[in-house]
There are 2 protein chains.
Amino acid sequence: MGTTDDLFKKLKSFSEPELQAEILKHAKFLKANKGDILIKEGQYLNFLPIVIDGLLRVYQQNEDREILLYYVGPEQTCMMSLSSAYFDYYSTANGIAMEPSEILVLPAHLIAEWQLKYPSWNKFIINTYKSRYDELLNAFGSVAFKPIHVRVKEYLTEYVKNEGSNKIPISHQTLANELGTTRVVISRILKQMEQKKLVKLYRGYIQLKI
Amino acid sequence: MGTTDDLFKKLKSFSEPELQAEILKHAKFLKANKGDILIKEGQYLNFLPIVIDGLLRVYQQNEDREILLYYVGPEQTCMMSLSSAYFDYYSTANGIAMEPSEILVLPAHLIAEWQLKYPSWNKFIINTYKSRYDELLNAFGSVAFKPIHVRVKEYLTEYVKNEGSNKIPISHQTLANELGTTRVVISRILKQMEQKKLVKLYRGYIQLKI
DNA sequence: TGAGATAAGTATCTTTTGATACACACTATT
DNA sequence: AATAGTGTGTATCAAAAGATACTTATCTCA
């Protein structure tokens, strides 16, 4: 786990010493293995998870299809959990650990209390809502207006922009899930892109050209 | 405008007397006519509008298409404005008055200040984010997974559920805009629904059966 | 090494959605 | 009544997306 200092070096959002003390007092720490399901649709939560290390994937499922809502990385918390915990609503999404993850867990009732006491906590919460809302709005606009081949292109270029490498380690099936469509559709589009020399396809990864 | 008492009878969210006094001290009141455009994409805002009476429609536009994000009714504020004002971001949506509307306008810097001072204000802000997020998530799920004819049906039944009457006063073009598609598609679907005896079509309105 | 799992390629067919164009009806206004 | 604007019906065509089915390649691990 490391020392307290290490923890708040990672969780930079919480700058106030009093808040840090409170977090240490009330938090529990949880380790999740890759593939562990942390939240399910319909579930009520009475705690708030904040990721210290690792990555969670939050997605919705409809019968056979699923679609990515967002990822939760270090220093972030999960919107669905936040709503669920703050408002005593059930979650409308699933959360799964993509990597071995370390998670800080806080009792739900503290969320509202700290909101009034600690400006940095308050900002953290609002920031979470705002950035997730923006992400979702973006995704919504894409789904509503853009044909899939454009969304595929954007997904790939976005990935490359964030990760630096132009090799995207993702299977067609997984990409289909991210975009809410089926594997065959993705394979078809990627093949067309390859013919246009936009990508090169390999087993397990896609190389974006230029 | 009416008296102060009237105002806070409408804005029930703000129960604290101190908060009410602050609102009265800093607020300006704005009247919008039907069709007035209040927010445009790309615009920065330094104020937060809260609707007292009337209805605003917030939507996104892509070239020729547009799509509804949400409506803002009495006692509600506009997410896009909130983000824009709080975080000094530009708006990514448009807002237009659907009816003659009365709007309370607050300077942006007060949002964060009051967040720490007044629990009811804090709750108002969080509530706004949460409910808009849920709405959007819902819309997102629909667009991603459901064929248009289902979304049309849901739009109509939702309307009837909320308004009581089973006569929905909306043109095909407008409905197309709400759902992010084109008029011809809507006309076609409605005609099929009429043949299945699910609706009856009239000029300017749709009657939902059962 | 060989069996099973995962990944990818592809052909065929259907459905959904969109684009375009034109006709006609109703409404409001002059 | 003439006109313009809006609302609706509908036919035709094209494109996008999805469903299904079968094949081939690659990986993993017992």
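It should be emphasised that the depicted structure is a prediction, and the values quoted were computed from it without experimental measurement. FYI, side chains are in, hydrogens and waters are out, and symmetry mates aren't considered; it's all heavy atoms of this structure. Numbered from 1 within each chain, the chains take letters A, B, ... in sequence-line order.
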Under-3.5 Å N/O pairs linking protein and nucleotides 7-10 of chain D:
| unit_1 | atom_1 | unit_2 | atom_2 | d |
| --- | --- | --- | --- | --- |
| D/dT8 | OP1 | B/Tyr202 | O | 3.2 |
| D/dT8 | OP1 | B/Gly204 | N | 2.8 |
| D/dT8 | OP2 | B/His172 | N | 2.8 |
| D/dG9 | OP1 | B/Lys191 | NZ | 3.2 |
| D/dG9 | N7 | B/Arg183 | NH1 | 3.0 |
| D/dG9 | O6 | B/Arg183 | NH2 | 2.9 |

With a 4.5 Å cut-off on side-chain heavy atoms, are A/Asn177 and A/Glu66 touching?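 Yes, at least one pair of side-chain atoms sits under 4.5 Å.
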Pairwise side-chain contact, B/Tyr90 with B/Leu45, heavy-atom cut-off 4.5 Å (strictly under):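 When only atoms from C-beta onward are counted, B/Leu45 and B/Tyr90 do not touch, as no gap falls below 4.5 Å.
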Answer yes if the side chains of A/Arg132 and A/Thr128 hold a donor-acceptor pair under 3.5 Å, and no otherwise.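 On atom types as modelled, these side chains do not qualify, holding no pair under 3.5 Å.
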[X] [atom1] to [N] [atom2], straight-line distance once rounded to whole Å:
{"X": "A/Ile186", "N": "D/dG18", "atom1": "CD1", "atom2": "C1'", "value": "12 Å"}
{"X": "B/Ile148", "N": "D/dA16", "atom1": "CD1", "atom2": "P", "value": "16 Å"}
{"X": "B/Lys146", "N": "C/dT16", "atom1": "NZ", "atom2": "C1'", "value": "17 Å"}
{"X": "A/Gln192", "N": "C/dA8", "atom1": "CD", "atom2": "C1'", "value": "15 Å"}

Below 4.0 angstrom, N of the basic side chain to O of the carboxylate: do B/Arg57 and B/Glu178 qualify?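 Looking at B/Glu178 together with B/Arg57, the answer is yes, because their closest N to O distance falls below 4.0 Å.
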Near-ring test B/Phe14/B/Phe8, centroid separation under 6.0 angstrom: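 No, ring centres 6.0 Å or more apart.
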Under-4.0 Å side-chain N/O to phosphate OP1/OP2 contact, A/Thr181 with D/dG18: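 Checking D/dG18 against A/Thr181, a side-chain N or O does come within under 4.0 Å of OP1 or OP2.
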Within a radius of less than 6.0 Å around NZ of B/Lys209, do more than 12 heavy atoms belonging to other residues, nucleotides or ligands occur?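 More than 12 within 6.0 Å, yes.
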